[in-house]
Every structure is written in structure tokens, then in C-alpha cells.
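One structure below.
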Amino acid sequence: MEFLNELNESQRKAVEYVDGASLVIAGAGSGKTRVLTYKIAYLLKKGIHPTSILALTFTNKAAREMKERIAQMVGERTARYLWMGTFHSVFSRILRAEAEKTGYSKNFSIYDSSDSNSLIKSIVKDLKIDEKTYKAGLVHSRISFAKNNLITPDAYRGNTDLLKADMYSKVPRIVDVYDIYTQRCKLADAMDFDDLLLQTNILFRNHPDVLQKYRNAFSYILVDEYQDTNFAQYLIVRKLSEQHERICVVGDDAQSIYSFRGANIDNILKFKNSYSNAQVFKLEQNYRSTQTIVNAANSLIDKNSEQIRKNVFSEKEKGNLIKLLSTFTDLEEGVVVADSINQLRRKQGYSYQNIAILYRTNSQSRVLEEALRKKAIPYRIYGGLSFYQRKEIKDVIAYCRLINNHNDEEAIKRIINVPARGIGDTTVGKLTECAQTHAVSIWDVLQDMLAYNLAVNAGTATKLAGFRKMISFFASQSDSLNAYELVMQIVKMTGIINDTYVDKSPEAMSRQENVQELLKAIHEFCEQRVTAGESANIGDFLSEVSLLTDQDNTDDANTEKVTMMTVHAAKGLEFKAVFIVGMEEDLFPSAYAFESERSLEEERRLFYVAITRAEEQCFISFSKSRFRNGKTTNSNPSRFIKDIDPQYLDAPEEKVQPSWLQRQDESFDFEFERKSFQHQSFSSSKVTKPVERQTAQKLIKIAAREQGTKQVVENKNLPVGAFVKHAVFGIGKVLETTIADGNEKAEIDFGEKGKKSLLLKFAKLELL
DNA sequence: GGAGCCCCGGTTTTT
DNA sequence: CCGGGGCTCC
């Protein structure tokens, strides 16, 4: 097996150990995926049958890429039989296969988060409890937490800790919502994402024979990104592997950034508690980044208390220092980043696709976009609304779901009046209520409206019957037509396709394109399945598409464009140059992270992930003010900057403060005082005074001193409506203030002297 | 039942 | 600033 020579010693050891449980701690850029793929190839070459290998990942993309690499090593004909996929897709397959033991049908629908939220919302409404207190997102995250910890509604009711916690949080009825939510999902023959794991656990618990079957089937189990597993996932893996303990988990505790989604870092930290004989392998050589970047990242993560200590090192060149970029406004930040990108291209020959801009929140992308656009720098933004979350796409999918599973409540509610066919909210409300009282699905009510005493007038009844017949007709076709042919019929007959042709507005055009795109995707899906000799009906399509996100949209990933994404989305990727922007208190770390040391440490890991994306150059920028939620707020450099050993940082020469910023301080005195009166604590030096030259150390000291000071000045702009006095124009009223190219401008009405647009850095205005 | 206005609230998000 | 949801008016 000469391919093992392509590995370094620790990688090779990790690959060759197959006799028992092992934990591979893989530092950033240390060849984690390589170890996994080689290990699978190694097992296959040792004669293990591909169907006995279960490899679990967190994204479809990771699974697909790994499968491709393995196919290259051992051949496609072998690789295709591997059980490789996301937790959710693998276990949804098993749940469908074992449907008669689960209480769900094999055609069960999968509710995505928005389906879950909308169902929760309707339940909260039904229970007549306050919708503001019981916000769908909040309730969903609690339900999700419960499910991830295998706490059923009954167990929840018996758990005094949870009940108390809910009482203190003033949401004591969460448990009722959870209970009803579970019933409604069941009635709709639908599982949400968390159910796929919960129900798998329940299946294994209630049916030891089934568990045993899969234990025997999977003689080797591998788990990628183990630091991101939750309890439900941990237990599935544990149950499947506890007899033979031929399990290998790979991950990096330093890159655990999904605890808000239920991931439990303890799973990796305490792996040895579950598998006491486990061998631990550490991959510590980083092949991605320069020494400076690796060392800087190490010095940062060293500040976390909860971690598995490791010594990540790089043998690449030392490389440039991490450059700190300090600006006064977020607009200026955009300009500086754009300029630096141009410089990287000119002086170092980087191309756009070598460069990424990473931020903490999606909303930061806007200003950056504008700055790049102004300098004609091409970019591509990842994240935001995914393809499958777009309305028109979800509508079409909802038709498919309803045809496949008539009881799917969220699907029927979604499309019963799309395109508009005169079945409004009132009617849907009646239908839902009627279904509730008889404990049946909405579809059941439609089947026999008279028997269920549905109180609608004759016209509405006709429309409902028409809808029901249409869905039944599609369903009757679903055996003879493949997914593509059926969806084609749907979009034509329902008028969805015509709906998108109503006008030539950009929105309508885009919807049209999206539907076409979907049709194309379904077409490809069908062709692939047919080539592989598999069926390609609507159910086959749905079971794939429900667990698909467009993270793996590779359409123009290799084009000449700068990548812009959140740090979360950047995990696993690498770029020659990385800009981490908005490194400010309350933004990164997020203001939400201050509740606990744990969440603060997670933010630090997030920053660690960001830095370690860089191969050669890393830039960290922060701004002294930022436009957020409609307001300009002042901000201080992130505490995390001072966590990095200053010897790896190149701090900026502080520019002389522009006069407009200084005078702004004065003009805002009254606003300043009002606020500081309200909040007792404030420091008078909100803005760093001009400094000729600041070393990294000094700057970091300032960061240290300023962090923790609550912001009191909210609006740096001249207040609209204020009266000002100008040396030449006299007294005027402020109509509007804007910031263009980092310069604050004000539109001021000077009465008979007319309206003037003035740059505040030049106009000597006195606030009256 | 549907279009247009007002008010509120606003992290991250592999499935 | 922005989108979503609730409300009003046709």
C-alpha cells in the first residue's frame, strides 16, 4: 500500500490503527480529510466491504468530496457502495427502510426550519399564549435542544430542571407547545431535522433487533467534524459501535463553533470516557499557513481554558505579519479593504479568487459590497437566502411533498392558495381547526368535508374540491411519471410557470429563472438516477432534496471573484489572503456572547477559525464607528485582538484624525450628555486621540483599556432637524445627513440663502 | 381575499 | 436600514 507513503508519520499512524476506537485531533490545516479518505481507502484495500463502512459527515458537500477522492483511489465501482453521507441523510434512509417500526410511513415528509417555525407559530396562536413571549425561533430552539438531548415531551414534563428554567424565563408553556408540536408532526407524517436523529435513537431503543442488524452491518464507523456532534448523534454512534468499538472520530475542539445548534464540545473533549481504550492521535503539522499565522492563531486559542492542548506548527516560511487595519467608519473600512485587495493583486500577483473577506454577521456584507463595486472588484457573496429557501422553489417543492404525503400540513397550508385560487386565510383557519377537533389531517377533512362539518359556503367547497382533485390527479400520475415529468405537469397545470411570467420586473424574471433552474436540477437528478439504474420518482427526488442546501453550489466557485462570507460559512475553506473585518466589541465577540465564559470561548474559537483560513496573509480590521440597525454606533477594538501575541501583528500607523471627526465630538455634546445621564457609566474619551505612531503593543493596550466601556454615543451624525449656524449662510435647518466616501455630508436649508449640501469636514458649523 | 401602510426588531445556521 | 407581520381599506 504505497499510497500510505504520501502521509506524514502521525497521519499514517492514525490511518493504520484500525483495531479499536481512535480519536484523531486534527489541528487546522493538518490534513484531516486526507486522513479520513486514506483510512477508508486503507480499510477497503484490506478487504473490508464498502457496504460495511459507515462514514458520517456534517455536510453533503464534505461527503461528496470525500467520496470522489476515495473513488479516485479505489475506483468508483467500490466507492459507490460506501455508506457515506450526513448524519441526517444516512439515518433518514434507515428510518424510511424501517418505516413499519417507527410509526411513520416510508414517505414521511421532512420539515425544514421554516416549516417547524410556522407550525410552532400556529400552535402558539391556538394555545392563545403571547406570541411575543413565545417567539417561534425561541420555542423552536428549546424544542430542538430537548430533541437533541433525547428528551421527549413526556420526559420534559417530568424534568424539574427544564420546567424550572422555563418558569424563570417566563415561558412555562414551552412544554405544551412541544407536546402539541410532536403530535402535529406525527399527524402530518413529518419529521423535522432533529427528529431524524431522535427517531433513530427511539428506533434503536425500541427495536434491539434492528439495532443489532445495523451493528452487524457497519463493521467500521468513521465520523468527521466530531466536535460538532450533539448528544443524539453521539448516542447513535455509540450504540452502533459499542460492541466492536471499531470507530474513528476526527475533529478539532478548537474549531467547535456550532454549540448554538446543539453541538456539544464535551463529546470530543471526553471521548475517552466513552471509549476507555481509545487511541488518541494528534495531527499537529499545519500544511496550510505560514508560521506567523499558525503561531498567531495558537497564541489566541491558548487563552481558552477548555481545550485539548496541542502544538500546531508550520514548516512553511515565516511569512508576513498579520496586518491590523484601523478605520474611523465602516465605509472607510470597506475602502481600505478594497484598496488592499488591489494592492495584493498588483504587488503580489494574487488573483481575486485567492482572497476572502470574512465577517461575523451577514449584514456586514452590504458596505463591503459597495466598496468593492466602486472599485470594480468582482465578488461573490455566499450565504443569505439559499436557493431552496426561495419562495417559488419552496412552493414547487411543497406541491411535491403534498403529492407524496397528503398529510403534510405545512405543505398543504403553503400551496393551497398558491397560485391564488380563492382559498384564503379564513378558509385555511377553518380547515385547520376542523382537522384539530377531529384529530385528523387537513387532507382528511378535504376528503369528506360534509362528514367533518366543515363550515364553508358552496363556492369555497367547490374550490376546495377542485384543489383536492388536482392533487389526487398528480398523485395518480406519480407512479407512471418520473420526478421531472411530474413537476413539469405541476408547474404548467397549476399556473406557477405563468405566474412568473406576469411582468418583466427583475423580481419576476428572477423567480422565473429560479423555477427553470429547479426544473433543470430535477432533470439532471432523473438522468443520473436512470443511468445508475435507480428509480427517479417524486419520492426519490424529495428524499434527496429535503436534506439539500445549496452550500454545495459549485457553479462559479472558481471564477475570478473575491469571496465574501461569514466566518461560520468559511469553516473548512482556505484562501491565500483573508480579511477579517469588523473586529469590534459587541460584534466580534457578539454582544450575545457575554452571558457566559463558554460562549465567549466559542467566539474566540470562531476567530481562530477565521485566522486559520489564511495561507499567506491575514488582515484584521476594525472601525471606530459602524452603521448598525439604522444607527451609527461607536465601537472599540475587539478584546480578541489583544489575545494575539503582539509579535505577530503589524499595527497601523494611526492616521491623524480628520477634523470632521473631532468637531463631531463637540457638536454632539448635548446628545452625549443626555445619554450619559441615563447610563451612569461613561468615559469621556470615546475616540482615540491622534497619535503620531502607535506600536502594536500600544494599540493593544488601548484596546484593552477601551473594551468594556459601554457605548453611550449612538448617533455621530448631525441630528436631522437640528439648527446650525454657518459663517456665510447664516442659520439653517438640517434636512438630511449622509456619509459618502467616509465624509459626512449634510443637506441644510438656509431659508432665503437656499438649500446647501455641505461637507462637514470643511463647513464650520455651529450647532444651536 | 388581497394590496398597501405602519411598527417592530434585528447573531452565527453543516441538516 | 431592512424585512416580516399585523392592520386597514377596497
Side-chain angles (χ1 to χ4, degrees), chain A residues 56-64 85-92 110-118 121 125 131-132 135-137 140-141 144 147-148 191-197 224-225 227-230 232-233 255-263 330 358-364 366-367 382-386 388-389 391 417 419-429 459-460 463 544-552 565-573 582 586-595 599 602-603 605-607 609-610 626-632 738:
Chain A
L56 298 165
T57 64
F58 277 80
T59 63
N60 296 303
K61 189 182 170 195
R64 201 190 49 225
T86 64
F87 273 91
H88 293 80
S89 72
V90 166
F91 295 111
S92 71
I110 295 176
Y111 277 179
D112 69 13
S113 321
S114 71
D115 293 319
S116 300
N117 282 337
S118 103
K121 213 166 145 188
K125 215 175 247 170
E131 290 175 56
K132 292 254 165 74
K135 278 186 281 192
H140 186 206
S141 76
S144 181
K147 289 188 174 181
N148 288 160
M191 295 202 198
D192 65 15
F193 288 142
D194 302 315
D195 277 327
L196 297 173
L197 307 174
D224 191 14
E225 306 279 15
Q227 76 282 354
D228 290 332
T229 49
N230 60 36
Q233 291 163 325
Q255 295 185 64
S256 160
I257 55 173
Y258 281 105
S259 78
F260 68 94
R261 295 194 87 263
D330 48 349
L358 308 182
Y359 33 78
R360 179 67 238 274
T361 66
N362 280 310
S363 59
Q364 286 166 260
R366 204 175 224 104
V367 223
Y382 287 77
L385 208 54
S386 90
Y388 290 101
Q389 288 174 329
K391 187 192 172 297
N417 200 31
R421 49 175 78 84
I423 304 171
D425 290 347
T426 324
T427 307
V428 175
T460 309
K463 290 173 193 162
E544 292 240 332
V545 82
S546 316
L547 294 169
L548 218 62
T549 55
D550 71 342
Q551 281 303 108
D552 36 352
M565 53 170 62
T566 63
V567 183
H568 281 94
K571 195 173 140 197
L573 305 179
D586 286 4
L587 183 59
F588 203 166
S590 144
Y592 292 78
F594 298 123
E595 304 167 6
S599 55
E602 177 149 322
E603 292 279 310
R605 291 194 292 269
L606 191 57
F607 188 30
V609 168
R626 179 171 299 279
F627 193 73
R628 270 225 274 178
N629 301 342
K631 271 188 229 140
T632 303
T738 47

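Here is the naming used below: chain letters follow the sequence lines, and residue numbers restart at 1 for every chain.
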From CZ of A:F627 across to C1' of C:dC1 the rounded distance in Å is 5 Å
Atom pair distance, as rounded to whole Å: NE2 in A:H88 and P in B:dT13: 17 Å
May I ask you to evaluate whether A:N60 reaches the phosphate of B:dT15, defined as a side-chain N or O under 4.0 Å from OP1 or OP2? yes
Name the residue closer to the 5' end of DNA chain B, choosing between A:G422 and A:E602 according to the nucleotide with the nearest heavy atom. A:G422
Hey, does A:T427 reach any base, or is it just sugar-phosphate, or nothing, if we go heavy atoms under 4.0 Å? sugar-phosphate
Contact class for A:G630 (heavy atom, under 4.0 Å): base, sugar-phosphate, or nothing? base
Short side-chain N/O contact to B:dG10 OP1/OP2 from A:S363, under 4.0 Å: no
Would you say A:T566 places a side-chain N or O within less than 4.0 Å of OP1 or OP2 belonging to B:dT13? yes
Would you say the base of B:dT13 and the side-chain of A:R261 have a donor-acceptor pair closer than 3.5 Å? yes
Report the nucleotide, chosen from B:dG2, B:dT15, B:dT12, that has the shortest atom-to-atom distance to any side-chain atom of A:H568. B:dT12
Nearest whole Å is fine: how far is B:dG2 C1' from A:D425 CG? 10 Å
It should be established whether A:N362 places a side-chain nitrogen or oxygen under 4.0 Å from OP1 or OP2 of nucleotide B:dG10. no
With the side chain of A:T426 defined as its heavy atoms from C-beta on, choose the nearest nucleotide among B:dT11, B:dT15, B:dG1. B:dG1
Over how many whole Å does the gap from A:L196 atom CG to B:dT15 atom C1' extend? 8 Å
A:L573 CG to B:dT14 P, straight-line distance once rounded to whole Å: 12 Å
Classify the nucleic acid contact of A:D194 as base, sugar-phosphate or nothing, counting any heavy atom under 4.0 Å across all strands shown. nothing
Side-chain N,O (A:K135) to OP1/OP2 (B:dG10) below 4.0 Å: yes
In whole Å, I'd like the distance from the NE2 atom of A:H140 to the P atom of B:dT15. 15 Å
Just the rounded figure in Å: distance from P of C:dC2 to CG of A:N629. 12 Å
Given B:dT14, B:dT13, B:dT11, which nucleotide is nearest the side-chain atoms of A:Y592? B:dT11
Under 4.0 Å, counting only non-hydrogen atoms across every strand here, what does A:E225 touch: a base, just sugar-phosphate, or nothing? nothing
Ring centres within less than 5.5 Å and planes less than 30° apart: is that true of A:F87 and B:dT15 in this structure? no
Nucleotide B:dT14, atom P - distance to CG of A:L548 in whole Å: 12 Å
I want to confirm an ordering. Mapping A:A593 and A:T460 to their closest nucleotides on DNA chain B, which one lands closer to the 5' end? A:T460
Sub-4.5 Å side-chain heavy-atom contact between A:F594 and A:D586: yes
Quick one: list whatever passes salt bridge (charged side-chain N to carboxylate O under 4.0 Å, His left out) with A:D112, sequence neighbours left out. A:K394
Using the 3.5 Å cut-off, write out each protein N or O paired with an N or O of nucleotides 3-10 of chain C and the distance between them.
none

Would you find a donor on one side and an acceptor on the other, under 3.5 Å apart, between the side chain of A:N417 and the backbone of A:R421? yes
